[in-house]
Undergrad: 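My structure is below; once you've seen it, I'll send some questions.
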Number of protein chains: 2
Amino acid sequence: MQETQPVTPAGRRIVAAAEELFYERGITAVGVDLIAQHSGVTKRTLYNQFGSKDHLVAAYLAERDQRWRSMVRTAVDACDDPVETVTTPFRVLLTWSRTNTRGCAFINALAELPDPSHPAHRIAADQKSWLRDLFRELAAAAGCSGPDTLATRLLVLHEGALATRPLPLDTLSESTELARALVRASAPPRG
Amino acid sequence: MQETQPVTPAGRRIVAAAEELFYERGITAVGVDLIAQHSGVTKRTLYNQFGSKDHLVAAYLAERDQRWRSMVRTAVDACDDPVETVTTPFRVLLTWSRTNTRGCAFINALAELPDPSHPAHRIAADQKSWLRDLFRELAAAAGCSGPDTLATRLLVLHEGALATRPLPLDTLSESTELARALVRASAPPRG
DNA sequence: ACACTAGTTCACAGATCAGTATACCCAAGA
DNA sequence: TCTTGGGTATACTGATCTGTGAACTAGTGT
């Protein structure tokens, strides 16, 4: 993370407006004027809080990342069966993508911001590696064989389901089933 | 398809420049002036050929789609083993993504163009469903059981590998291996 | 009484954006 | 020879973009 979120009420409203507008309409297509207007704030305040549009983009992605991670963490903690827990992110994705129909915000951000030194790249990379690490930890905890390979494969399935989300295909349930099959196949037999 | 490509030399140079610039830097971030300049053409010529930036974007995606499809078709035709043929798009992806490191141009385009009535959406959807149909045909030809389910799963793996391409993770080889395992598992035993 | 902080208002700079207008050049075909 | 079409050159419109300057207001803590 490290992208410290603003503490002032105006700052929070700005990030909230940025979250919706950037994700729904695209980063480059949304101007700072529009965000200021939607958050009921002056453009001057926006720049006092974030300094530049790029930093606001970083705050937007960091906020979204944090929200998603806490959702996953909560769902993981609520799951009892260790084997089922491994595929929890896929079930979270089912809920998540009901209100987020425009695919992965981080992949989308990378599409618009080619510069690798842009903070968005690090945030996106961190998010994916966090998920991969989570898959590996959960797989190891469930006693799965080859947790490293399994984790990468689950990540690919997860991202594939997310990336094809804007398309008129139901890839989510199919990828979830395959993920569950992979986990069961590598898990030790039930005692 | 249906997006008829321009026949004049200037038109072809414009599309070529658009292909590189749009993919490398993003659609919204690249102006028509830059494309005209890179293709050694006047902006007037660009508008005479394509009418608007949106139509040029459509031509860019259609051209890219056509190029990729012919690459896949050639590789499929060159493969003898029916079972190996099913995973040919993954091997094509290995070559393709060496020079296309910014992920899927169609997913990226959808990220920037939220309007579902934009021609880019249909082109992207067509491309994905074409690939899914190809997977299903190849799976059926190889005698795989459940070619429909298998095709969707292969598509998810393919898109997952492509979507995670800009990230510092080697997901391509892992997804290729898993794809091959899936095909082998559903293929009839060798005689 | 004083200073500090968050926020407002409003004007403005400088650049870039998509798209148009006008006039011209030149080669091929009827 | 005359027309037509692809293309050039250049200037332009009107809108929008990110970002800044300067002065002002209101609350809060010391």
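Below, read A as the first sequence line, B as the second, and so on, with proteins coming before strands; counting in each chain starts at 1.
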Undergrad: To the nearest Å, give me how far apart CZ (Phe22(A)) and C1' (dC17(D)) are.
TA: 13 Å
Undergrad: Between the side chains of Asp148(B) and Arg132(B), is the shortest nitrogen-to-carboxylate-oxygen separation below 4.0 Å, so that they form an ion pair?
TA: yes
Undergrad: If you assign each of Pro9(B) and Asp33(A) to its closest nucleotide in DNA chain D, which residue comes earlier from the 5' end?
TA: Pro9(B)
Undergrad: Check the distance between dC12(C)'s C1' and Tyr47(A)'s OH and give it to me in whole angstrom.
TA: 14 Å
Undergrad: For atom CD of Glu20(B), decide whether the heavy atoms of other residues, nucleotides or ligands shown that lie under 6.0 angstrom number more than 12.
TA: no
Undergrad: Does the side chain of Arg102(A) reach to within under 4.5 Å of the side chain of Pro114(B), using non-hydrogen atoms?
TA: yes
Undergrad: Regarding Asp54(A) and Ser52(A), is there a side-chain donor-to-acceptor distance under 3.5 Å anywhere?
TA: no
Undergrad: Which part of the nucleic acid does Gly40(B) contact within heavy-atom distance under 4.0 Å: base, sugar-phosphate only, or nothing?
TA: sugar-phosphate
Undergrad: Quickly work out the Gln37(B) CD to dA18(C) P distance and round it to whole Å.
TA: 13 Å
Undergrad: What integer distance in Å separates Leu46(B):CG from dA18(C):C1'?
TA: 11 Å
Undergrad: Can you check side chain to side chain contact (heavy atoms under 4.5 Å, CB included) on His118(A) and Val57(A), steps first, answer last?
TA: CA-CA 10 Å; His118(A) 195 287; Val57(A) 170; 4.0 Å; yes
Undergrad: Report the nucleotide, chosen from dG7(D), dA18(C), dG7(C), that has the shortest atom-to-atom distance to any side-chain atom of Val32(B).
TA: dA18(C)
Undergrad: When the distance from CG of Leu21(B) to C1' of dT16(C) is rounded to whole Å, what number comes out?
TA: 16 Å
Undergrad: Atom CG of Asn48(B) to atom P of dT22(C): distance rounded to whole Å?
TA: 14 Å
Undergrad: Does a donor on one side chain and an acceptor on the other come within less than 3.5 Å for Ser173(A) and Asp170(A)?
TA: yes
Undergrad: Using 30° and 60° as the class limits, which term best fits the ring planes of Phe22(A) and Tyr60(A): parallel, tilted or perpendicular?
TA: tilted
Undergrad: Would you kindly say whether Ser145(B) and Ser186(B) are connected by a side-chain donor-acceptor distance under 3.5 Å?
TA: no
Undergrad: Which whole-number value in Å describes the distance from Ile14(B) CD1 to dT8(D) P?
TA: 8 Å
Undergrad: How many whole angstroms separate atom CD1 of Ile35(A) from atom P of dG19(D)?
TA: 11 Å
Undergrad: Do Asp126(A) and Phe106(A) touch side chain to side chain, with heavy atoms closer than 4.5 Å?
TA: no
Undergrad: Considering only nitrogen or oxygen atoms on both sides, find all protein atoms under 3.5 Å from nucleotides 25-30 of chain C and state each distance.
TA:
none

Undergrad: With axes from five pairs an end, tell me the bend angle of the helix from dA1(C)-dT30(D) to dA30(C)-dT1(D), nearest 10°.
TA: 10°
Undergrad: Can a cation-pi geometry be assigned to Arg64(A) and Tyr23(A), taking NZ or CZ under 6.0 Å from the six-membered ring centre and within 45° of the ring axis?
TA: yes
Undergrad: Closer than 4.0 Å, any side-chain N/O of Thr8(B) to the OP1 or OP2 of dG7(D)?
TA: yes
Undergrad: Give me the distances for all protein-to-nucleotides 10-16 of chain D N/O pairs that come in under 3.5 Å?
TA:
none

Undergrad: Do Arg91(B) and Thr87(B) have side-chain N/O donor and acceptor atoms under 3.5 Å apart?
TA: yes
Undergrad: For residues Thr28(B) and Glu112(B), is any side-chain donor paired with an opposing acceptor at under 3.5 Å?
TA: yes
